[in-house]
Amino acid sequence: MDPQDAGTVKKPGPKPLQSSSAKTQYLILYNFTSALLWLVVLGRVVLLVPMVGFGQTYKGVGNFAKWTQTVALLEVVHSLTRVVRAPVSTTAMQVASRILLVWGIVNQFPFLAKSAAYSSMLVAWSVTEVIRYGYFTTTLSGYQPGFITWLRYNTFYVLYPLGISSECWLIYKAVEPARKLRQEYAWILQLILFIYVPGSYILFTHMMAQRRKIMRGKQAQKIQ
């Protein structure tokens with residue numbers, strides 16, 4: 001033992017979960033399942049693109065990704081019912097934008113999924129969600145690995161711009177085919193595209209605020 005450690009009582013780290021409420025058990029199951037679903041999406045995209053190209057990604061993973069994202073509507077319910085402490089506004093904004101993409105854009109105009117933007121969007125989403133859900137699963141279970149915490153609060157600097165730019169491109173490309181269906185549909189997409197920048201800024205700064213909070217906590221633990 002280092003002499004400097006003699007007589008020093010070390011602060012115990014987080015203990016593995018021994019027992020918990022039904023709510024915590026449910027959240028662990030939800031996050032673990034969601035992480036697995038998005039890992040499947042990521043694996044399929046990574047395998048399909050080199051093998052058959054961007055044009056075939058939708059056929060191989062489109063429906064699975066669509067329903068995987070639809071499951072995330074539960075997160076709005078979680079926030080509304082205070083199962084989790086996440087802000088309703090930011091949660092609803094993020095989930096709604098993705099539901100628009102998978103149901104209102106790609107499902108309506110599947111030919112748009114032949115674009116590389118669709119594959120890059122799925123990569124950004126799936127990597128983000130595997131990390132996020134993995135982080136929540138381990139944290140709720142009583143563990144807090146430093147590596148996954150670092151990934152959770154740093155990778156969004158790259159993944160978020162990649163995802164947003166891909167989403168904007170798909171919405172932009174959907175305006176003309178939407179106009180052929182109904183002019184109002186095109187106007188709605190143009191309006192959404194117009195508010196995407198401020199909306200994205202709100203979500204991005206929310207993540208930055210969360211990162212600062214977590215990193216300050218980590219620094220305080222090191223000092224102690």
Side-chain angles (χ1 to χ4, degrees), residues 23 25-81 83-84 86 88-137 140 152 155-156 159-160 162-171 173-174 177-178 181 185 188-189 192 196 199-200 203:
K23 181 180 79 171
Q25 295 286 1
Y26 162 73
L27 288 174
I28 291 172
L29 177 62
Y30 170 78
N31 284 285
F32 179 73
T33 303
S34 296
L36 286 181
L37 291 174
W38 281 109
L39 186 61
V40 172
V41 174
L42 176 62
R44 288 189 180 184
V45 175
V46 170
L47 288 175
L48 284 168
V49 170
M51 292 174 61
V52 295
F54 296 115
Q56 301 300 314
T57 302
Y58 182 73
K59 290 182 179 179
V61 73
N63 280 330
F64 189 87
K66 177 177 65 179
W67 287 109
T68 296
Q69 180 54 55
T70 303
V71 171
L73 286 169
L74 285 172
E75 297 188 16
V76 180
V77 177
H78 295 163
S79 185
L80 283 169
T81 56
V83 173
V84 298
V88 177
S89 57
T90 52
T91 302
M93 191 183 302
Q94 184 170 19
V95 173
S97 66
R98 290 190 177 188
I99 292 297
L100 167 70
L101 264 298
V102 296
W103 285 100
I105 302 296
V106 178
N107 187 69
Q108 191 71 35
F109 311 112
F111 60 89
L112 294 177
K114 294 181 179 180
S115 166
Y118 177 69
S119 297
S120 61
M121 179 184 74
L122 289 186
V123 168
W125 287 4
S126 56
V127 173
T128 297
E129 300 300 38
V130 168
I131 294 171
R132 184 170 72 94
Y133 288 122
Y135 171 81
F136 289 140
T137 300
L140 288 165
R152 167 77 173 117
T155 54
F156 76 93
L159 296 173
Y160 195 81
L162 175 63
I164 289 296
S165 58
S166 301
E167 293 169 30
C168 287
W169 178 254
L170 290 172
I171 296 173
K173 297 299 287 184
L181 294 179
Y185 192 1
I188 291 172
L189 292 182
I192 291 171
Y196 232 71
S200 301
L203 291 174

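None of the values given here were measured: they were computed from a predicted structure. Numbering starts at 1 and runs along the sequence shown.
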- Query: Can you check whether Arg152's main-chain N or O pairs, donor with acceptor, with Thr155's side chain at less than 3.5 Å?
  - Reply: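 Side chain of Thr155 to backbone of Arg152, a donor-acceptor pair under 3.5 Å: no, none is there.
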
- Message: Using modelled atom types and a 3.5 Å cut-off, is there a donor and acceptor pairing between side-chain atoms of Tyr118 and backbone atoms of Leu170?
- Response: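 Looks like no, no N/O pair under 3.5 Å.
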
Write down the atom of [X], the atom of [Y], and the distance for their closest heavy-atom approach.
X	Y	result
Leu122	Ala65	CD2-CB, 4.0 Å
Glu167	Ser97	OE1-OG, 4.4 Å
Gly60	Leu48	CA-CD1, 3.6 Å
Phe64	Arg44	CB-NH1, 3.6 Å
Ala92	Val76	CA-CG2, 4.1 Å

Could you list the residues that satisfy side-chain hydrogen bond (donor to acceptor under 3.5 Å, both in side chains) with [X], not counting sequence neighbours?
X	result
Ser119	Thr57
Tyr135	none
Ser166	Ser120

- Message: Show every side chain to side chain donor-acceptor pair (under 3.5 Å) that has at least one partner inside residues 63-74, sequence neighbours left out.
- Response: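 Residue pairs with at least one partner in residues 63-74: Asn63-Lys66, Lys66-Asn107, Gln69-Arg98, Thr70-Trp103.
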
Partners meeting side chain to side chain contact (heavy atoms under 4.5 Å, CB included) with [X] (sequence neighbours left out):
X	answer
Val83	Lys23, Leu27, His78, Thr81
Thr33	Leu29, Leu37
Tyr133	Tyr30, Asn31, Ser34, Ala35, Trp38, Ala72, Glu75, Glu129
Ser89	Pro87

- Task: Output all residues satisfying ring-ring contact (aromatic ring centres under 6.0 Å, His included) with Phe156, sequence neighbours left out; order by chain, then residue number.
- Result: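 Testing Phe156 for ring-ring contact (aromatic ring centres under 6.0 Å, His included), a comparison that skips the adjacent residues, returns Phe204.
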
- Message: When you compare the side chain of Val45 with that of Trp125, does any pair of heavy atoms fall below 4.5 Å?
- Response: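 No, too far: nothing below the 4.5 Å cut-off.
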
- Looking at side-chain heavy atoms only, is the closest gap between Leu189 and Leu100 below 4.5 Å?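 Side chain of Leu189 against side chain of Leu100, heavy atoms only: contact under 4.5 Å found.
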
- Query: In this structure, are over 12 heavy atoms from other groups packed under 6.0 Å from Tyr196 atom OH?
  - Reply: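 Correct, the count exceeds 12.
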
- Separation between OG of Ser200 and CE of Met93, rounded to the nearest 0.5 Å: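 Interatomic distance, Ser200 OG to Met93 CE, rounded to 0.5 Å: 9.0 Å.
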
- Query: Atom CD1 in Ile171, atom CD1 in Ile188: separation rounded to 0.5 Å?
  - Reply: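 Ile171 CD1 to Ile188 CD1: 12.5 Å, rounded to 0.5 Å.
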
